[in-house]
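One structure is given below, encoded as structure tokens.
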Amino acid sequence: MTGVESSDCTVAIGRPLREEITISILESSLNCSAGEAVLFSGRMMWQTGCRKLPLSLINSRTNTLIVKQRVLLPGNGVILQYNSRTATKKYYQDCDKQLFGPRGEIVNPVQLPDQRQEVVCRTFINVAPRHRIAIRALYVDQGNESNQTHFNYVLVRDVSTMKTMVFHGKQQFFWQSTGSQAEIEFHENVKGHRTSFWAEYHAIEPK
């Protein structure tokens with residue numbers, strides 16, 4: 001991330017679920033006194049720094065990591081090396097899904113009969129930096145809306161703002177994120193191989 005023309009540079013790293021990312025800083029020419037810095041952020045970590053970076057080893061604790069660099073002087077920056085490995089601690093449910101790429105389909109995960117009823121299955125969506133995510137729900141059937149004992153609903157979270165929206169019943173919707181990451185939670189009390197949610201997503205290019 002050296003020699004870039006822009007003062008702000010962002011790199012997104014993604015690996016399959018069940019893995020975590022480690023980053024070593026090989027070189028750094030950041031001017032700390034001028035306010036230059038690099039930020040590492042993921043679903044379970046947030047770390048910023050400038051001084052003594054070449055001695056640092058960053059662990060994402062999950063399968064995705066975003067690196068943001070802020071420089072004021074042309075040519076300054078960091079050189080990183082990343083590796084992935086099997087996660088030391090399980091941060092996901094077996095029914096979770098990870099989606100990368102500019103477009104794709106979202107289908108409600110199917111829980112196995114022996115899974116705990118209270119497990120909430122999630123789908124994580126990551127697109128390129130500075131892009132946003134648009135989700136269009138094409139088929140939604142979360143069961144009988146009059147059932148007040150167990151609520152079936154879909155929760156969509158905008159990761160950059162942590163704001164959430166909840167959709168009940170058969171409500172189709174169109175939703176857009178403010179950043180490049182989104183999470184969908186499926187709160188269902190019905191198990192089986194029935195498709196109750198189907199949607200498409202695509203990345204919106206920056207203006």
Side-chain angles (χ1 to χ4, degrees), residues 1-89 91-92 97-104 122-135 156-164 175-184 200-207:
M1 300 172 71
T2 59
V4 293
E5 296 180 1
S6 174
S7 60
D8 293 296
C9 181
T10 303
V11 173
I13 304 169
R15 296 292 301 159
L17 284 173
R18 300 174 180 81
E19 294 188 11
E20 63 183 12
I21 300 163
T22 58
I23 283 191
S24 302
I25 294 89
L26 304 181
E27 296 180 27
S28 173
S29 59
L30 296 178
N31 187 332
C32 303
S33 59
E36 297 183 339
V38 61
L39 167 68
F40 305 91
S41 62
R43 290 199 299 273
M44 298 175 61
M45 63 87 66
W46 191 96
Q47 183 174 339
T48 184
C50 181
R51 292 180 171 83
K52 299 182 179 180
L53 278 179
L55 302 177
S56 301
L57 182 66
I58 310 298
N59 187 342
S60 68
R61 297 169 60 191
T62 65
N63 63 311
T64 58
L65 184 67
I66 292 181
V67 184
K68 293 183 179 180
Q69 177 181 271
R70 170 80 173 168
V71 297
L72 300 175
L73 302 175
N76 288 359
V78 295
I79 298 178
L80 311 174
Q81 176 178 293
Y82 77 88
N83 295 281
S84 65
R85 64 187 182 190
T86 302
T88 54
K89 292 185 179 180
Y91 56 85
Y92 58 89
K97 292 183 180 179
Q98 172 71 64
L99 301 176
F100 295 114
R103 62 182 65 250
R122 299 166 296 175
T123 295
F124 306 104
I125 305 174
N126 293 65
V127 299
R130 298 191 306 278
H131 288 59
R132 296 184 297 121
I133 300 169
I135 297 176
V156 183
R157 177 177 295 108
D158 189 345
V159 175
S160 63
T161 62
M162 295 307 291
K163 291 183 178 180
T164 60
W175 178 90
Q176 292 186 14
S177 69
T178 60
S180 61
Q181 302 174 83
E183 297 178 6
I184 303 174
E200 293 179 341
Y201 83 88
H202 69 271
I204 304 172
E205 294 187 5
K207 296 180 179 178

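In this structure, H131 and E205 approach most closely via the heavy-atom pair CD2-CA, 3.6 Å. Of all non-hydrogen atoms in S180 and I66, the two that sit nearest each other are OG-CD1, 4.2 Å. The minimum heavy-atom distance linking T2 with G77 is given by the pair CG2-C, 3.6 Å. In terms of heavy atoms, L65 sits closest to S41 at CD1-O, 3.4 Å. The minimum heavy-atom distance between P129 and V11, with the atom names listed, is CG-C, 4.4 Å.
Within a 6.0 Å radius of NZ in K68, no more than 12 heavy atoms belonging to other residues, nucleotides or ligands are found. Atom OH of Y91 is surrounded by more than 12 heavy atoms from other residues, nucleotides or ligands within 6.0 Å.
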(message) For a side-chain contact (heavy atoms from CB on, under 4.5 Å) check, start with the C-alpha distance between I25 and F40, then their side-chain angles and the critical distance, and finish with the verdict.
(response) CA-CA 12 Å; I25 294 89; F40 305 91; 4.2 Å; yes
(request) Start with the C-alpha gap between I135 and I125, add the side-chain angles, then the distance that decides, and say whether side-chain contact (heavy atoms from CB on, under 4.5 Å) holds. (result) CA-CA 10 Å; I135 297 176; I125 305 174; 4.0 Å; yes
(request) Apply side-chain contact (heavy atoms from CB on, under 4.5 Å) to the pair Q181 and S160, showing each step before the final yes or no. (result) CA-CA 7 Å; Q181 302 174 83; S160 63; over 6 Å; no
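With rounding to the nearest 0.5 Å, the separation of CD in E19 from OG in S60 is 10.0 Å. The distance from atom CZ of R61 to atom OG1 of T22, rounded to the nearest 0.5 Å, is 14.5 Å. A distance of 6.5 Å separates OG1 in T64 from CZ in F100, rounded to the nearest 0.5 Å. To the nearest 0.5 Å, the span separating CG on L30 from CZ on R70 amounts to 12.0 Å. Taking OH of Y201 as the start and CG of L99 as the end, the distance is 5.0 Å to the nearest 0.5 Å. Remark: E20 CD to T86 OG1 distance equals 8.5 Å, nearest 0.5 Å.
A 4.5 Å side-chain heavy-atom check between E27 and P54 finds every atom pair outside the cut-off. You'll find the side chain of F124 reaches within 4.5 Å of the side chain of L17, heavy atoms only. Within the 4.5 Å cutoff, side-chain heavy atoms of N59 are placed close to those of R85. Two residues are said to be in side-chain contact when any heavy atoms from C-beta on lie closer than 4.5 Å; L72 and N31 fail this criterion. Residues T178 and K163 form no side-chain contact, since every pair of their non-hydrogen atoms from C-beta on lies 4.5 Å or further apart.
In summary, the side chains of S6 and D8 do not present any donor paired with an acceptor at a separation below 3.5 Å, with no hydrogens or angles considered. A donor atom on one side chain and an acceptor atom on the other are not found under 3.5 Å apart for N76 and Q69.
S177 contributes a side-chain N or O that, together with a main-chain N or O of I133, makes up a donor-acceptor pair within less than 3.5 Å.
Shown here are the side-chain contact (heavy atoms from CB on, under 4.5 Å) partners of E5, two or more places apart in sequence or in another chain: there are none.
Just one of I58, L80, V78 meets the side chain to side chain contact (heavy atoms under 4.5 Å, CB included) condition when paired with L53; it is V78.
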List the atom pairs, with distances to 0.1 Å, where a side-chain N or O of residues 43-52 and a protein N or O form a donor-acceptor pair under 3.5 Å, not counting sequence neighbours.
| residue | atom | partner | partner atom | Å |
| --- | --- | --- | --- | --- |
| R43 | NH1 | N63 | OD1 | 3.4 |
| R43 | NH2 | N63 | OD1 | 2.8 |
| T48 | OG1 | V38 | O | 3.2 |

